[in-house]
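No experiment lies behind these values; they were computed from the predicted model shown. When a ligand or atom number is given, it counts from 1 through the structure's own listing order.
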Amino acid sequence: MSRNENITPLGHTPSGVPVVAEADLVVIGGGPGGFAAALRARREGCSVVLVEKFDMPGGVHTSGLQGAANTGVGGIHTELMERFAQAGAIYTATEKDLPDWAGNPLSHYDYYLPPGSPFTRSSFNPDGAGNVMVKMLEEAGVQAMYGASFADVEMVQDGAERRITHAIVETVAGRHAIAGRIFVDGSGTSEVVARAGAPFVRGGGRQSEAVSNDPQQRPIPGGLLWIMSGIDFAETAAYQKRENDPTLDKLIAKAREAGDIPPELYRPRLADQGVYGDHYIGHPTVDMSPIQGPGTFILWQNVPYEWALHMDDDAEHASRAKRELRRLIDAEARFLVKYVPGFQKAFTAHVGRYVGVRDGRHPVGEYVFSIDDARTGRRFPDAVTQPMTKTFFWDAYAKYTFEVPYRCFLPKEVNNLLLTGASLSFTFETIFMVMRNFPWCCQTGEVAGHAAARAIRQGVGPKQIRWTEPLPF
Ligand SMILES: Cc1cc2nc3c(=O)[nH]c(=O)nc-3n(C[C@H](O)[C@H](O)[C@H](O)COP(=O)(O)OP(=O)(O)OC[C@H]3O[C@@H](n4cnc5c(N)ncnc54)[C@H](O)[C@@H]3O)c2cc1C
């Protein structure tokens, strides 16, 4: 075991790991869920340690570059949007900047609008936003450990269930332990749930008939986002019109014939094959959105669905995704610069620090929220939010109004762990269609942080709290 000579350990765990910090609440992962949980609990008076393996909070939305900015939905989400704006980290493009953007088939978000119509597309600058989030945690007094990878837990038996006593983390100084009374799984992939031995369903698992009849358990593909600068989109749009080539098919065919496009790039969608919706299955053309400032766009590079990669629990899958998606990004950048008008002076400005997982482990909690709960508009005595109305595009774009019960935050078999963000106890299609998005991850993070603070104040575990009122946002 390595030891950091600069740290005086607060004793050792039963297995001999030096304990370097202790707190009421230990949050693993600083994505929107973990960030909001840590901030809320600290503001309610808890001591909080947040463990984050990258160099800033924000998860997929900063380290992963996914800077889609939405209107504030209340609470910490609204505060974030305001702070990003004050820091000059929000960029908004409209039809004045990009007259041919609405309805353009290359637009990730705005392709469905009537061509040429007005639009507003706001994004935040991922690194600028990350700086703001670092500052907000500091201002609140959260002890944030960056460059610290959560690796394991130590646990004790506690009645019929088990309790986590320490999170084991790896830093530049070696392997250390952090003692906590309550823990939050903000890893985005339920890593704490897995290490603690709590039950979960693997990504792509058949949690309901509506999901898939795929025997190979192929998850919804994750993706690596990347940014290109120096793009003259007006020139691209002029080409699309002039050559009647809205999806760049002619250029793609020419490049493919010349051997400049690998087979995995620009694959047809696998619609009508009984697998999910077609949004993330296939990638037939360039997929982009304005970000950061004029001439700069974010592009999507998704894992080919056929590869069936489980990047959250298989090291070779994770490594293959990083290798291959970098290769595909490089190939796509070369294609764009060489063949597509408007990209001649473009260059790769950033590649996300990690390949985001869209469909990782789904914990089995004290309640598992299912699509039937949404369809029937089920109400719960322990609802944590006011009823929410969301569009479920896999259910023919039906709008359902539903509530989220507190029991979805409580994994089975471990009595001092709270779930949040993309790691809630929801079936895969319900987490995917609504709750995993940035605004709701902020809200469920606040719910987890508030629950932890209440439990600490009352001297009980999160499962003993009686939740009877939705949290106002
Ligand atoms: C490619 C992609 C595109 C998306 N597009 C959109 C979109 O357009 N709009 C939208 O609203 N949502 C989008 N989402 C969904 C959304 O980004 C995620 O569901 C959301 O970020 C989940 O939040 P989270 O806090 O649960 O986890 P994450 O954002 O994944 O954050 C988890 C954090 O935990 C850290 N972490 C993980 N493991 C460890 C460990 N072992 N030790 C220490 N730290 C760890 C990570 O570094 C990360 O910072 C997208 C997701 C992906 C993958």
ask   = Do Arg454 and Trp467 meet the cation-pi criteria used here (NZ or CZ under 6.0 Å from the six-membered ring centre, within 45° of the axis)?
value = yes
request  = Could you tell me how the ring of His108 sits relative to the ring of Trp300: parallel (under 30°), tilted (30 to 60°) or perpendicular (over 60°)?
outcome  = parallel
query = Between Glu154 and Thr13, does any side-chain donor sit less than 3.5 Å from a side-chain acceptor?
reply = yes
note = Which of Arg327, Lys322, Arg326 passes side-chain hydrogen bond (donor to acceptor under 3.5 Å, both in side chains) with Glu324? It is Arg327
List of N/O pairs, ligand 1 versus protein, all under 3.5 Å?
from: ligand 1; atom 1: 8 (O); to: Gln66; atom 2: NE2; distance (Å): 3.2
from: ligand 1; atom 1: 8 (O); to: Tyr109; atom 2: OH; distance (Å): 2.7
from: ligand 1; atom 1: 11 (O); to: Asn437; atom 2: OD1; distance (Å): 3.4
from: ligand 1; atom 1: 11 (O); to: Phe438; atom 2: N; distance (Å): 2.8
from: ligand 1; atom 1: 12 (N); to: Asn437; atom 2: OD1; distance (Å): 3.2
from: ligand 1; atom 1: 17 (O); to: His61; atom 2: NE2; distance (Å): 2.8
from: ligand 1; atom 1: 19 (O); to: Arg436; atom 2: O; distance (Å): 2.6
from: ligand 1; atom 1: 25 (O); to: Pro32; atom 2: N; distance (Å): 3.2
from: ligand 1; atom 1: 25 (O); to: Gly33; atom 2: N; distance (Å): 2.9
from: ligand 1; atom 1: 26 (O); to: Ala422; atom 2: N; distance (Å): 2.8
from: ligand 1; atom 1: 29 (O); to: Val60; atom 2: N; distance (Å): 3.0
from: ligand 1; atom 1: 30 (O); to: Tyr354; atom 2: OH; distance (Å): 3.3
from: ligand 1; atom 1: 34 (O); to: Gly186; atom 2: O; distance (Å): 3.4
from: ligand 1; atom 1: 38 (N); to: Glu191; atom 2: OE1; distance (Å): 3.1
from: ligand 1; atom 1: 41 (N); to: Phe150; atom 2: O; distance (Å): 3.1
from: ligand 1; atom 1: 41 (N); to: Glu191; atom 2: OE1; distance (Å): 3.4
from: ligand 1; atom 1: 41 (N); to: Glu191; atom 2: OE2; distance (Å): 3.0
from: ligand 1; atom 1: 42 (N); to: Phe150; atom 2: N; distance (Å): 2.8
from: ligand 1; atom 1: 44 (N); to: Lys53; atom 2: N; distance (Å): 3.2
from: ligand 1; atom 1: 47 (O); to: Glu52; atom 2: OE2; distance (Å): 2.6
from: ligand 1; atom 1: 49 (O); to: Glu52; atom 2: OE1; distance (Å): 2.6
from: ligand 1; atom 1: 49 (O); to: Glu52; atom 2: OE2; distance (Å): 3.1

ask   = Taking only residues two or more places apart in sequence, or in another chain, which ones meet Asn131 in a side chain to side chain donor-acceptor pair (under 3.5 Å)?
value = none
query = In terms of heavy-atom contacts, does CD of Glu44 have more than 12 from other residues, nucleotides or ligands at under 6.0 Å?
reply = yes
